[in-house]
Asks: 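Below is the structure I would like to discuss, written out as structure tokens.
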Amino acid sequence: MSEPLFRTPKGTHDVLPEDHQYMTYIKKAVRHRSRQAGYKRIDTPMFEYRGVFERGIGAHTDIVEKELFLVSGPRRKNQEVHSSNGEEEVEFALRPEFTAGICRAYIEHGMQQLPQPVELYSIGQCFRYDRPQKGRYRQFHQFDLEVIGLRDPSLDAQLIYVLTKILSDLRILDRLTLQMNNIGMTDNRIAYMQALRDYFIGKERHLPEEDARRLQTNPLRLLDSKHEDTQILLKNAPSLDQSLSDESRQFHATLLEYLDELGVAYVHNPRLVRGLDYYTQTVFEFWDSSSGAQNAIGGGGRYDGLIELLGGNPTPGVGFAGGIERMIWHMKEAGVTVPNKDQVDVFVAQLGPEAKKKCLSLVAQLRELGVHALGALGEASLKSQMRLADKFEATYTLLLGKLEVKEGTIILRDMRAGKQKQIPFGQAIPEVVELLGKQNLDTYVLRDGIGGVDED
Ligand code: AMP
């Protein structure tokens, strides 16, 4: 193999065909379960005005402060755009997540006029300029579900239920633990953040540098700090629980009751806060049961203030985002196999110009019927074409040499059994279809209600 001149940029990866089998499977489960529950698909741009994320997610969150991929177009002549701090202004940012963009779309398209709640889902790439490490990329895929327009714990419960269905379809639910918490409304949080700051007066110097800084900018994040020193100091700190209003407590208790009713297992985790500013009340994550916090496959929560922050009327919402790469990893770890739809059913080998011509239309007709057919490629000998059929792991080979053309026959070879027989040329297609079985044909129907079309 030659050394490539370029490789994928750090933190990105090619999704090769083998992983696409998993990716497609996950997308199918998401589409199916979302559709069943009344969610409609939305695609927002992969980049937005950076303010969408800065205002929505919060200027002092890791995602915005350290991980936002800023993008700008070519500078036009005489264009000088500077922000208030004198630095060159970059207008756009690649989306680090979906929620803020979807809420921007909800406002922009007047979706408050629609029957509420508006349920939307999306699947696609997200970008974070994070330090790449295992399970943490700079470009990765998420699927995302949002329920906007009403505040009721039954909506949180129904959303979580749909997610458990998707994870169970992927056969990884039993590897995960649902962590639940309620972080209160904004005023509860402000009161709690002040209480935390007060508690740490005189103790700041014992905090690791990162957490000392967070104490000023985003003290809630201390609760899920990875630093042991911080966790020890937190043992006697006031708990978030104590700052919650009766309404929040009631909301959480009712939500947990609904989850019990739906048979969803969870763990109440008073330390769970999530890394984005827009959350109010419910927060939840699905953690890898074996290794814990740092390996969440997805998370979400309620964001009753976000739409207002982005310029809309006060509108509640609840949503979730799941990391597709991490789900694929779990599926592989759990030994989940997914159907391979890229198999070669028939390889057509030929010799001579007449045979080649006939094979071209034979391949085309087989494909039309939903048989994955390859062949009539070049001028190679029959022997080397057979070797190729082997390498493609074709189930059957059809062989057409000069003699068969003359006789109006064709040879059908079962590659696994290593057996072959000569049949009339006109029999080739019905025989192959029969052998493969009608139910295994890859048919594609664009009409309503019949068959399915693979979406992206
Ligand atoms: P978050 O909203 O940040 O919790 O992200 C939701 C989910 O997306 C996480 O639980 C991960 O599964 C996935 N995710 C977030 N960031 C990354 C990343 N940098 N690389 C891969 N997956 C990620």
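Below, all heavy atoms of this structure are taken into account, side chains as well, without hydrogens, waters or symmetry copies. Remember, predicted model here, so these are calculated numbers, not experimental data.
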Asks: Apply side-chain contact (heavy atoms from CB on, under 4.5 Å) to residues T12 and Q125 and explain how you reach the verdict.
Replies: CA-CA 11 Å; T12 69; Q125 286 89 345; over 6 Å; no
Asks: For atom CD of E228, is the number of surrounding heavy atoms from other residues, nucleotides or ligands below 6.0 Å larger than 12?
Replies: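 For E228, atom CD is not crowded (no more than 12 foreign heavy atoms under 6.0 Å).
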Asks: What's the verdict on side chain to side chain donor-acceptor pair (under 3.5 Å) for E91 and S72, showing C-alpha distance, side-chain angles and the deciding distance?
Replies: CA-CA 6 Å; E91 258 184 308; S72 59; over 6 Å; no
Asks: Check the surroundings of atom CD in E204: do more than 12 heavy atoms from other residues, nucleotides or ligands lie under 6.0 Å from it?
Replies: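 Yes.
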Asks: With no hydrogens and no angle check, is any side-chain donor or acceptor of N182 less than 3.5 Å from a backbone partner on G184?
Replies: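 Pair found, side chain donor or acceptor close to backbone of G184.
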Asks: Can any side-chain N or O of R50 pair as donor or acceptor with the backbone N or O of L70 at less than 3.5 Å?
Replies: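 The answer is no, because no donor-acceptor pair under 3.5 Å joins these two groups.
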Asks: Please step through side-chain contact (heavy atoms from CB on, under 4.5 Å) for the pair H141 and I26, ending with a clear verdict.
Replies: CA-CA 11 Å; H141 294 75; I26 294 174; over 6 Å; no
Asks: For residues R104 and P45, report the shortest heavy-atom separation together with the two atoms involved.
Replies: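 So the minimum-distance heavy-atom pair works out to NH2-CD, 3.5 Å.
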Asks: For a quick test of reading the model, state the closest non-hydrogen atom pair linking V71 to A93 and the distance between them.
Replies: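 For V71 and A93, the tightest heavy-atom pair comes out as CG2-N, 4.1 Å.
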Asks: Measuring from I102:CD1 to I107:CD1, what's the distance to the nearest 0.5 Å?
Replies: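 So the CD1 of I102 and the CD1 of I107 are separated by 12.5 Å.
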Asks: Please confirm whether the backbone N or O of A373 pairs with a side-chain atom of D345, one donor and one acceptor, at under 3.5 Å?
Replies: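 Between the backbone of A373 and the side chain of D345 there is no qualifying donor-acceptor contact (under 3.5 Å).
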Asks: For D260 and Y266, run side chain to side chain donor-acceptor pair (under 3.5 Å): C-alpha distance rounded to whole Å, both residues' side-chain angles, the deciding distance at 0.1 Å, then the answer.
Replies: CA-CA 9 Å; D260 290 336; Y266 57 83; 3.1 Å; yes
Asks: Is it the case that the side chain of D304 and the backbone of G317 share a donor-acceptor pair, with hydrogens and angles ignored and the cut-off at 3.5 Å?
Replies: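 Yes, the answer is positive, given that a donor and an acceptor are paired below the 3.5 Å cut-off.
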Asks: Measure the acute angle between the ring planes of F320 and F286, then classify it against the limits of 30° and 60° as parallel, tilted or perpendicular.
Replies: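 Rings of F320 and F286: perpendicular, as their planes differ by over 60°.
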Asks: Hey, what do you get for CD1 (I63) to CD1 (I57), rounding to the nearest 0.5 Å?
Replies: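 Result: 5.0 Å between the selected atoms.
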Asks: Determine yes or no for a side-chain-to-main-chain donor-acceptor pair under 3.5 angstrom, with R55 supplying the side chain and L310 the backbone.
Replies: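 Pair absent, no side-chain N/O of R55 close to backbone of L310.
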Asks: I'd like to know if the side chain of N440 reaches the main chain of L436, judged simply by a donor and an acceptor atom lying under 3.5 Å from each other, with no hydrogens or angles considered.
Replies: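 Yes.
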Asks: Rounded to the nearest 0.5 Å, what separates atom CG in D442 from atom CZ in R367?
Replies: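 So the gap between those two atoms works out to 12.0 Å.
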Asks: With the side chain counted from C-beta on, respond yes when F284 and L159 share a heavy-atom pair under 4.5 Å apart, and no when they do not.
Replies: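 The answer is yes, as the side chains (C-beta and beyond) meet within the 4.5 Å cut-off.
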Asks: Taking the side chain as C-beta and beyond, is there a heavy-atom pair between L240 and P270 under 4.5 Å?
Replies: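 SC-SC contact between L240 and P270 ruled out.
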Asks: Can you tell me if CD on Q343 sees more than 12 non-hydrogen neighbours from other groups inside 6.0 Å?
Replies: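 Yes, enclosed.
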Asks: Verify the neighbour count for atom OH of Y199: are there more than 12 heavy atoms of other residues, nucleotides or ligands below 6.0 Å?
Replies: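 Yes.
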Asks: To the nearest 0.5 Å, tell me how far E261 CD sits from E257 CD.
Replies: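 Rounded to the nearest 0.5 Å, the CD-CD separation comes out at 9.0 Å.
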Asks: Please walk me through it: do T315 and N313 pass side chain to side chain donor-acceptor pair (under 3.5 Å)?
Replies: CA-CA 6 Å; T315 312; N313 297 324; over 6 Å; no
Asks: For residues H330 and L170, determine if any side-chain heavy atom of one lies less than 4.5 Å from a side-chain heavy atom of the other.
Replies: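 Answer no - side chains too far apart.
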Asks: I want to check something: taking the side chain as every heavy atom from C-beta on, are Q179 and R271 in contact at a cut-off of under 4.5 Å?
Replies: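 Heavy-atom side-chain distance check fails, nothing below 4.5 Å.
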Asks: Would a distance-only check, ignoring hydrogens and angles, find a side-chain to backbone donor-acceptor pair under 3.5 Å from D152 to S154?
Replies: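 A pair under 3.5 Å: yes.
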Asks: In terms of heavy-atom contacts, does CZ of F47 have more than 12 from other residues, nucleotides or ligands at under 6.0 Å?
Replies: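 No.
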Asks: How many angstroms lie between atom CD of E119 and atom CG of L114, to the nearest 0.5 angstrom?
Replies: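 E119 CD to L114 CG: 12.0 Å, rounded to 0.5 Å.
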Asks: Could you tell me whether R326 and E285 make a salt bridge, using a distance below 4.0 angstrom between a side-chain N and a carboxylate O?
Replies: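 Looking at E285 together with R326, the answer is no, because their closest N to O distance does not fall below 4.0 Å.
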Asks: Salt bridge check, R214 against D62: does any charged N sit closer than 4.0 Å to a carboxylate O?
Replies: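 Here D62 pairs with R214 in a salt bridge, since their nearest N and O are under 4.0 Å apart.
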Asks: Between the side chain of S225 and the main-chain N/O of T230, is any donor-acceptor distance below 3.5 Å?
Replies: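 It does not hold such a pair.
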Asks: Counting C-beta onward and ignoring hydrogens, is there a side-chain heavy-atom pair between R128 and E97 closer than 4.5 Å?
Replies: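 Sidechains of E97 and R128: in contact.
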Asks: Evaluate the side-chain proximity of Q36 to K165: yes if any heavy-atom separation is below 4.5 Å, no if none is.
Replies: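 They are not in side-chain contact.
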Asks: Are R302 and D156 close enough for a salt bridge, meaning some N to O gap below 4.0 Å?
Replies: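 Answer for the salt bridge query: yes.
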Asks: So M331 and Y25, side-chain contact (heavy atoms from CB on, under 4.5 Å) or not? Walk me through it.
Replies: CA-CA 11 Å; M331 289 169 78; Y25 195 77; 3.6 Å; yes
Asks: Around atom CZ of R131, are there more than 12 heavy atoms of other residues, nucleotides or ligands at under 6.0 Å?
Replies: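 No, the 6.0 Å shell around CZ holds no more than 12 heavy atoms from other groups.
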Asks: With a 4.0 Å cut-off, would you call E65 and R221 a salt bridge?
Replies: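 Not counted as a salt bridge, because no side-chain N and carboxylate O are separated by less than 4.0 Å.
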Asks: Between the side chain of Y39 and the main-chain N/O of V147, is any donor-acceptor distance below 3.5 Å?
Replies: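 The answer is no, because no donor-acceptor pair under 3.5 Å joins these two groups.
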Asks: Could you check whether atom CD of E434 has more than 12 heavy atoms from other residues, nucleotides or ligands sitting under 6.0 Å from it?
Replies: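 12 or below, so no.
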Asks: Quick check: does any side chain N or O of S122 sit under 3.5 Å from a backbone N or O of I42, one acting as donor and the other as acceptor?
Replies: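 It does hold such a pair.
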Asks: If I take atom CG from residue L163 and atom OG from residue S168, how far apart are they, to the nearest 0.5 angstrom?
Replies: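 Going from CG on L163 over to OG on S168, the span is 12.0 Å.
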Asks: Do Y303 and I148 have side chains that get closer than 4.5 Å, going by heavy atoms?
Replies: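 Yes, their side chains come closer than 4.5 Å.
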Asks: Go through it in stages, so that I can follow the logic: the residues are Q112 and Y106, the test is side-chain contact (heavy atoms from CB on, under 4.5 Å), and I'd like the CA-CA distance, side-chain angles, deciding distance and then a yes or no.
Replies: CA-CA 7 Å; Q112 69 269 28; Y106 177 91; 3.6 Å; yes
